[in-house]
Amino acid sequence: MKNAIVGQSGGPTPVINASLAGVFQAAKQHGIDIVYGMNHGVMGLLKDDLVDIGQFLDSDLKIELLRRTPSSFLGSCRYKLKPYTEDDTEYKIIFENLEKHEIGYFFYIGGNDSMDTIAKLASYGAYVHSPIRFIGVPKTIDNDLAITDHCPGYGSAAKYVATVMKEIGRDAACYGTKVVTVVEVMGRNAGWLTAASALARRDDFEGTDLIALPEIPFDLDRFVDKVAELQAKKPAVLVAVSEGIKVADGRYVCELGSSSHASDAFGHKALTGTASYLCSVLQERLGGRGRPIELSVLQRCAGHLTSRTDIEEAEMVGGAAVLAAIAGKTGKTVVLRRISDNPYQVTTDLATCDELANYEKKVPLDWINEDNTDMTQAFLDYATPLIQGELAPFYVNGLPYHLGSFKE
Ligand code: F6P
């Protein structure tokens, strides 16, 4: 078994390809012959739809371009394997394909749902006494993976959110008239990314006025009262809400506005429309103008506004995964451990995929202020190091240049 395979899974991030570059380079440095990529994660592996990544990364320039290209170069999927004890058909196909390509090392770059996939494959591997090693590489803009201090992808998305809050805030204040801008940020059940809107407060900007995270049940009447209080003091009010805020009975706020929200293979509802719904309620009850802004995929594909710290860590976890696999580990994922805040230092470690699979780490409640409207200094101390540094894309003829997909 002399080859490796790598896949990308779940929602993309602006730095997920830096992890792919990290895996590829470390694998090559350690004498791994061919590094295969799965076309759209395990779905591609099931169809034996693989690519020899080395054919696309045949120069240092291409690797550098990959690091600076957002979204998943290999293509992604949201695909849930059934436990092999229920049905082992797909496991047999996957292991047959892995053996056919002489794969000794399997790397999967993903979030909590992807950790479920690695845990299941590693456990089937142990059951059939396979020598293949399965290692996870963490990523998610949601930052909701357990055990790791933070997830690659979060720092860049947090930098994007804080940056656009500053810019939106300036725009909103320009007419001096009454307007409530409600910015909807991704994060289904954990508010890490919405919390990053608190980073916007600096000496040149008074900050986001009101923040609502899914960790706190959302009270619509209280929200309207808070906005009214703020509007009594200033005409332009800036609000950041998580797409996943829920009212006390467990319904997502976006479901109050519309009931059609499709679910993915892991049963997660597609959340959208929270900001629009809240603006319509505010307009109805308070008058004035409401401007909803759904950041949607912009916050996870902004390759022009990444954190250098994040890119470097994303690459580092990819390399650490290869070292772990070569050292004989399996069913593990790389995690980041923070050594110190000032100076900011992190190192990599390993955790068992089972411990991270399907579990969403929430924002600690004591990092939210007493009023449930803002973040505390502890959150700012945690998140500020993650957004440091910049790595610009390569610009060609005025636009960022990306490494095209291998299908092009
Ligand atoms: O990967 C996580 C995430 O970005 C969530 O915050 C969001 O709810 C979800 O992906 C949406 O992804 P998609 O609509 O692409 O499935």
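Each ligand, and each atom within it, is numbered from 1 in the order the structure gives. Start at 1 with the first residue, then count along the sequence.
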Nearest protein heavy atom to atom 7 (C) of ligand 1, by residue and atom, and its distance? Glu243 OE2, 3.3 Å
Please check: side-chain N/O of Ser242 versus main-chain N/O of Gly191, any donor-acceptor pairing under 3.5 Å? no
Is a side-chain donor-acceptor pair under 3.5 Å present for Ser276 with Glu294? no
Geometric class of the His150/Tyr344 ring pair [parallel <30°, tilted 30-60°, perpendicular >60°]: tilted
With side chain to side chain contact (heavy atoms under 4.5 Å, CB included) as the criterion, how do Asp374 and Thr208 come out once you've worked through the C-alpha distance, each side chain's angles and the decisive distance to 0.1 Å? CA-CA 8 Å; Asp374 206 347; Thr208 307; over 6 Å; no
Which atoms from ligand 1 have a heavy atom of Gly187 less than 4.0 Å away? 6 (O)
Main-chain N/O of Glu99 paired with Glu102 side-chain donor or acceptor, under 3.5 Å: no
Can you confirm, on distance only, whether ligand 1 has an N/O atom lying under 3.5 Å from any N/O atom belonging to Ile141? no
Listed partners of Glu312 passing salt bridge (Lys or Arg N to Asp or Glu O under 4.0 Å), at least two apart: Arg308
min-distance protein heavy atom vs atom 10 (O) of ligand 1 -> Arg78 NH2, 3.0 Å
Contact atoms of ligand 1, heavy-atom distance to Gly11 under 4.0 Å: 1 (O)
Just checking, any donor-acceptor pair under 3.5 angstrom between side chains of Gln8 and Asn17? yes
Among all the protein's non-hydrogen atoms, which is closest to atom 11 (C) of ligand 1, and how far away is it? Arg300 NH1, 3.6 Å
Can you pull out the closest protein heavy atom to atom 3 (C) of ligand 1? Residue, atom name and distance to 0.1 Å, please. Asp142 OD2, 3.7 Å
Which residue and atom name correspond to the protein heavy atom nearest atom 9 (C) of ligand 1, and how close is it? Arg188 NH2, 3.4 Å
Any protein heavy-atom neighbour for atom 16 (O) of ligand 1 (distance below 4.0 angstrom)? yes
